[in-house]
Each structure stands twice: as C-alpha cells, then as structure tokens.
K.L.:
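Quick one: the structure is below, and I'll ask about it shortly.
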Amino acid sequence: MTGAPARKPSLLKKGVTVDKDVLTLARERIAHVFDLHDHVAVSLSGGKDSTVILNLTLDEARRRGRLPLRVVFFDEECIYSENINYIRRVAQNPDVA
C-alpha cells in the first residue's frame with residue numbers, strides 16, 4: 001500500500017504560537033513541580049542535560065527555602081571517570097542531599 005508517509009503529531013496545536021523561550025518554560029515547569037509536591041528529587045547522570053535540570057531545580061529550591069534538594073545517582077559501572085568525579089563534587093554541595 002502506498003501513500004503519504006505518516007506524520008508525527010505536533011506537540012503544539014496548529015496555529016498556536018509560544019511567546020516564551022525554553023529557559024523560561026523550564027523554570028515554570030520546575031516551579032509547578034514544587035507547587036504540586038512536598039518532596040522533589042532530581043535524577044543526575046552527570047551529563048549536560050541532567051546538570052542543567054539540577055541547577056535550575058536548585059535555583060527554585062533555594063528561592064523557596066526547600067534545601068537540601070534530593071539528588072539521585074545510579075552507578076551503572078560503565079560511566080566515565082570524569083563523570084564520577086563530577087558526581088562526587090555535586091555530592092559535597094551542602095544544598096544537595
């Protein structure tokens with residue numbers, strides 16, 4: 001059977017524009033998580049993406065007086081030594097539990 005390829009659904013409705021940047025939206029979403037939950041934790045792999053989320057979440061936790069922030073790291077035993085060293089430095093931060 002032939003025809004047009006299936007299209008991925010858009011995350012936004014057609015014709016809807018977003019007038020905020022991704023950083024503002026990320027901060028709003030993190031604030032919303034704090035609004036909804038008494039206990040917030042961040043999963044940290046040591047990579048750039050989870051590091052950004054960690055730092056944005058720490059900013060919000062500081063703003064709300066909800067430190068230390070719970071941070072979870074799962075050692076898969078196949079991680080670069082530089083990442084392990086970074087995780088150890090994060091663990092020494094008094095704002096992190």
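All of these numbers come straight from a predicted model, not from anything done at the bench. Only heavy atoms go into these numbers, but all of them, side chains included; no hydrogens, no water, no symmetry mates.
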K.L.:
Return the CZ to CD1 distance between R89 and I87, rounded to the nearest 0.5 Å.
P.N.:
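The CD1 atom of I87 is 9.5 Å from CZ of R89, to the nearest 0.5 Å.
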K.L.:
Side chain to side chain contact (heavy atoms under 4.5 Å, CB included), that's the test. Do D59 and R63 meet it? Break it down for me.
P.N.:
CA-CA 6 Å; D59 288 347; R63 190 177 73 72; over 6 Å; no
K.L.:
Look at R66 together with D38 and state whether they make a salt bridge at an N to O cut-off of under 4.0 Å.
P.N.:
no
K.L.:
Could you tell me which non-hydrogen atom of P94 sits nearest to which non-hydrogen atom of P68, and how far apart they are?
P.N.:
O-CB, 3.9 Å
K.L.:
Tell me whether L54 shares a hydrophobic cluster with L25, the cluster being built from Ile, Leu, Val, Met, Phe, Trp, Tyr side chains joined at under 4.5 Å.
P.N.:
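Cluster IDs for L54 and L25 differ.
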K.L.:
Looking only at non-hydrogen atoms, find the nearest pair between G47 and N83 and report the distance.
P.N.:
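That closest heavy-atom pairing would be N-ND2, 3.9 Å.
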K.L.:
Supply the atom-to-atom distance E60 CD to L67 CG, rounded to the nearest 0.5 angstrom.
P.N.:
11.0 Å
K.L.:
Any side-chain heavy atom of L23 sitting closer than 4.5 Å to one from L56?
P.N.:
yes
K.L.:
Report yes if the side chains of Y86 and T51 come closer than 4.5 Å at any heavy-atom pair, otherwise no.
P.N.:
yes
K.L.:
Can you see which heavy atom on S50 is nearest to which on G46, and at what distance?
P.N.:
OG-N, 3.4 Å
K.L.:
Taking the side chain as everything from C-beta on, heavy atoms only, tell me whether I79 gets closer than 4.5 Å to F74.
P.N.:
no
K.L.:
Given side chain to side chain contact (heavy atoms under 4.5 Å, CB included), test D95 with L69 step by step and report yes or no.
P.N.:
CA-CA 6 Å; D95 291 345; L69 177 67; over 6 Å; no
K.L.:
Any non-hydrogen side-chain atom of D35 less than 4.5 Å from a side-chain atom of R64?
P.N.:
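Contact flag for D35/R64 side chains = yes.
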